[in-house]
Structure formats: structure tokens, C-alpha cells
Protein chains: 2
Amino acid sequence: MSGVRAQQKEKTRRQLIDAALSQLSAQRSFSSLSLREVAKEAGLAPTSFYRHFTDMDELGLTLVDEAGLTLRQLMRQARQRIAKGGSVIQISVETFMEFIESNGNIFRLLLRERSGTSAAFRAAVSREIRYFTLELCDYLQQANKLDADIAYLQANAAVTIVFSAGSDALDIDEKSELKQLATSTIQQLRFIARGAADLSSRRKAGKV
Amino acid sequence: MSGVRAQQKEKTRRQLIDAALSQLSAQRSFSSLSLREVAKEAGLAPTSFYRHFTDMDELGLTLVDEAGLTLRQLMRQARQRIAKGGSVIQISVETFMEFIESNGNIFRLLLRERSGTSAAFRAAVSREIRYFTLELCDYLQQANKLDADIAYLQANAAVTIVFSAGSDALDIDEKSELKQLATSTIQQLRFIARGAADLSSRRKAGKV
DNA sequence: TAATACAGTGTACACGTGTACGCTTATTTA
DNA sequence: TAAATAAGCGTACACGTGTACACTGTATTA
């Protein structure tokens with residue numbers, strides 16, 4: 001019952017996943033990857049692929065799950081930093097930018113499949129982003145004492161802005177430009193925060 | 001010099017462009033289109049394609065240009081409506097949503113190629129979006145008397161939010177959900193506008 | 001009118017694709 | 001220990017791809 005076999009199987013499954021991830025790049029999208037290429041990179045015969053996934057799509061959805069996991073790690077990391085003090089918005093953006101820098105291909109995967117041709121992929125990505133947004137929403141709600149609906153609008157807008165900035169960051173290598181992008185993003189997030197706080201206070205004053 | 005020949009050539013060129021556009025859908029991205037498919041749809045032999053474009057990429061870039069044109073038409077349409085009075089933000093969002101409804105595939109093209117694998121495509125799309133943003137920036141600057149930098153931040157954030165909403169709209173058919181999406185988007189744009197106006201007034205009061 | 005340019009055709013090729021099928025080999029089960 | 005199970009392999013096939021090449025027929029030019 002030790003499961004030498006199951007263990008080996010899990011290992012080659014990982015090899016397939018890693019092979020796929022390693023082939024992703026600015027020039028290579030998941031949908032352009034072929035089953036044969038991935039199998040080859042993993043050191044497997046093409047037909048062995050089927051022992052682990054029925055489809056490239058199934059592999060792809062697994063990758064999206066991985067990406068969601070990484071995204072949640074990011075959240076945790078940001079929260080740790082925030083707990084140590086400092087501007088919430090600034091630290092969040094900095095953390096996100098670092099994430100992009102070291103996980104560019106995973107982030108690209110999310111960006112691309114979000115508007116891709118597979119409904120299943122789109123749903124999976126939007127689910128991951130929704131989790132991400134909801135966590136932020138919770139945070140805003142209790143940290144800033146906002147109503148649920150306002151907090152959600154702010155969280156949703158903030159995530160949109162940050163993801164868009166991340167997307168732009170992928171096409172920049174100049175350090176100073178990245179710095180500039182971060183600064184602009186921070187300012188935009190402040191706009192949103194201000195607007196949300198403003199609506200909240202007007203609502204509490206009974207004007208809305 | 002009438003150019004019967006040149007005229008005919010232009011016509012089949014258009015047929016190729018239209019053929020490509022007509023094959024785009026939620027399930028079909030430009031990059032998944034083959035030269036042969038497009039030629040066939042246009043009623044041409046595969047090899048005749050080369051008389052008009054060196055590449056599928058060249059066709060694709062032409063499509064992006066078309067999309068940019070459509071986008072600018074949208075702008076003009078929105079401005080006309082705004083001139084007739086009403087909430088600027090609301091009218092803009094409504095106009096944009098109508099655009100999505102009748103130009104879904106063109107909008108999808110922009111969304112997809114923005115994060116696609118071709119640097120040329122990404123550059124072309126980001127150029128079109130930049131034009132769009134700059135027009136809005138000009139408008140905000142003179143309508144709201146904002147400084148150039150603040151106006152640009154607002155325009156950029158607004159375009160990001162609206163495009164993201166458009167992307168979400170593509171996966172919704174329920175009428176009431178679309179309405180809800182539009183309402184949320186409008187509120188988010190108001191957040192941004194408020195934040196920008198706020199920074200502007202604080203700056204003018206000499207506090208920043 | 002004769003020569004030229006050129007849009008469009010059809011054939012042909014090499015290549016990469018997904019996957020069906022039967023086999024081997026080592027672990028697991030009985 | 002014998003039988004069953006299952007991961008991984010190799011072969012083979014049909015299919016769609018981009019594009020090279022030689023061609024035809026007609027508008028344009030000289």
C-alpha cells in the first residue's frame with residue numbers, strides 16, 4: 001500500500017504540468033502548445049500523455065488552478081507586509097509588481113485565457129479573479145468600515161486597475177518606466193478609494 | 001487609368017478582410033484562423049491570398065486598424081449624444097455597451113491581441129487604445145478644467161474600467177445582468193472622477 | 001496591335017498534429 | 001507465487017497546414 005506506482009504517476013503528472021508552464025512565454029500561449037510538444041518536454045511519449053489528462057484542455061484548467069493558488073499566495077504575502085505598517089495601497093501595488101516580475105508566464109496565462117476561446121477556461125479564470133476580489137472586498141469592508149456594496153465596487157475596480165497595470169508591466173523592462181507605472185497605478189487606486197469613501201460618507205450623512 | 005484591375009483587387013482584398021472578421025467569434029480567435037480557411041471563405045484559392053497579404057499577421061494588423069477606426073466612430077457617437085445633454089458618464093457607458101453588443105467580435109479581437117503572442121499585435125492594439133485614451137483625456141481636461149497629468153490618470157483608469165466591463169459584457173446575455181453591470185461601471189467611473197476632482201482641488205488649494 | 005504585368009488557379013510537397021491500437025514491463029493484488 | 005493491473009512506448013494513420021512553382025487569362029501599357 002506504499003504506492004510506489006501512484007507516487008511515480010504523480011511525479012510524471014507534475015512533469016507534464018511543469019513542462020507546459022516552462023513552455024509558456026511572451027511568444028507562446030497555452031493554446032498554441034501541442035500535446036506532443038508538452039509530452040516531449042516532459043520526456044514522455046506522446047501517447048503517454050493520456051494516462052494523466054484526457055485533453056490539453058484538462059491540463060490547461062489545472063494550470064489555471066495553479067495560477068489561482070499563486071495568486072492567493074500573493075495576497076497572503078501582501079497582507080503580511082501590510083501588517084508591518086505602511087501605505088496599504090503602495091505595498092499592495094509593489095507586491096503585485098514583484099509577483100509579475102517573477103511569475104510573468106503564469107500571469108500571462110490568466111490574462112490570455114480570460115478572453116480566450118474556451119468557455120471553461122474563461123469561467124475558471126474569472127472564478128480565480130473573483131476569489132481574489134472577494135478577499136480584497138472583505139478587507140476593505142472591515143478596514144475602512146464600508147458597506148458591502150461599496151466595498152465590492154471598490155475592490156472590483158481596484159483589481160481591474162491592478163491587473164491592467166500588471167499587463168502593461170509585462171511589456172516593460174526599463175526599470176524607471178516600471179517605477180512610473182507603479183506610481184500612476186497607486187494614484188489611480190487612490191482616486192477609487194477616495195470616491196468610495198466619499199460615497200460612503202455621503203450615504204451616512206443621509207444625502208444618498 | 002480608371003483602374004478596373006486595381007478596383008477588383010481592392011474588392012477581393014476587402015473580401016479577405018471580411019472573411020476573417022466573419023470567422024471571428026467567442027469560440028474562434030484570429031490566431032486560430034488559418035490562411036486556407038480565410039481564403040476559402042473569401043472564395044479564393046489559398047495561394048491567391050499572397051497577392052494581397054504576405055502573411056496572416058499582415059491581415060491581422062489590418063483588422064486591428066479597422067477595429068481602431070470603429071472605436072473612434074464610437075467616440076464620435078458618444079460625443080454627439082453628450083452634446084444633447086445628460087450625464088456624461090452614463091451616456092458614455094451606454095454607448096459603449098451598445099458598441100459591444102453590435103461589434104462583439106471586433107472588440108474581442110482587441111481584447112485578445114492585447115495580450116497575445118505577437119509583439120506587433122500588442123503594439124498595434126495598445127496604440128489604438130492610447131488614441132482612445134488621449135481623446136478622452138483632452139475632453140476631461142477642458143470639460144473639467146483638470147491638469148494634464150490628472151486628466152490622463154483619470155482617462156486611463158476610466159478606459160481600463162470600461163474595457164474590463166466590456167469584456168465581462170461579452171459573456172452575459174441576460175438583459176438584467178447587463179443593466180446591473182452598466183450601473184456598477186457607472187458608479188466606479190464616478191469614484192474615479194471624484195478622486196481626480198478631489199486631487200485637483202486639493203492641489204489648487206496648495207495642499208499638494 | 002503586340003508586349004507586358006499581374007490577379008487568380010491547381011498541383012504538389014514536407015511537416016506537425018491528435019489519437020487508435022497493440023505491446024512491454026514492473027507494481028500490485030489475490 | 002501466479003494473475004491482474006496499469007504506466008509508458010512505438011507504430012501507423014488520416015488530416016490540415018503553409019507555401020513553392022508553373023500555369024492561365026485578362027487588363028494595362030507601349
Would you kindly give the [atom1]-to-[atom2] distance between [X] and [N], to the nearest whole Å?
X: B:Asp57; N: D:dT19; atom1: CG; atom2: P; value: 10 Å
X: A:Glu10; N: D:dA7; atom1: CD; atom2: P; value: 12 Å
X: A:Phe49; N: D:dA7; atom1: CZ; atom2: P; value: 14 Å
X: B:Arg13; N: C:dG8; atom1: CZ; atom2: P; value: 12 Å
X: A:Gln8; N: C:dT28; atom1: CD; atom2: P; value: 11 Å
X: A:Gln7; N: D:dA7; atom1: CD; atom2: C1'; value: 15 Å
X: A:Lys9; N: D:dG8; atom1: NZ; atom2: P; value: 8 Å

In B/S/- notation, 5' to 3', how is nucleotides 13-25 of chain C contacted by protein heavy atoms closer than 4.0 Å?
----BBBBB----
Salt bridge flag under 4.0 Å for residues [X] and [Y]:
X: B:Glu58; Y: B:Arg13; answer: no
X: B:Glu101; Y: B:Lys175; answer: yes
X: A:Glu113; Y: A:Arg127; answer: no
X: A:Arg72; Y: A:Glu128; answer: yes
X: A:Arg76; Y: A:Glu135; answer: no

Testing the 3.5 Å rule here: is there a donor-acceptor pair between the side chains of B:Ser184 and B:Gln180?
yes
Side-chain N or O of A:Thr12 versus OP1/OP2 of D:dA7: is the shortest distance under 4.0 Å?
no
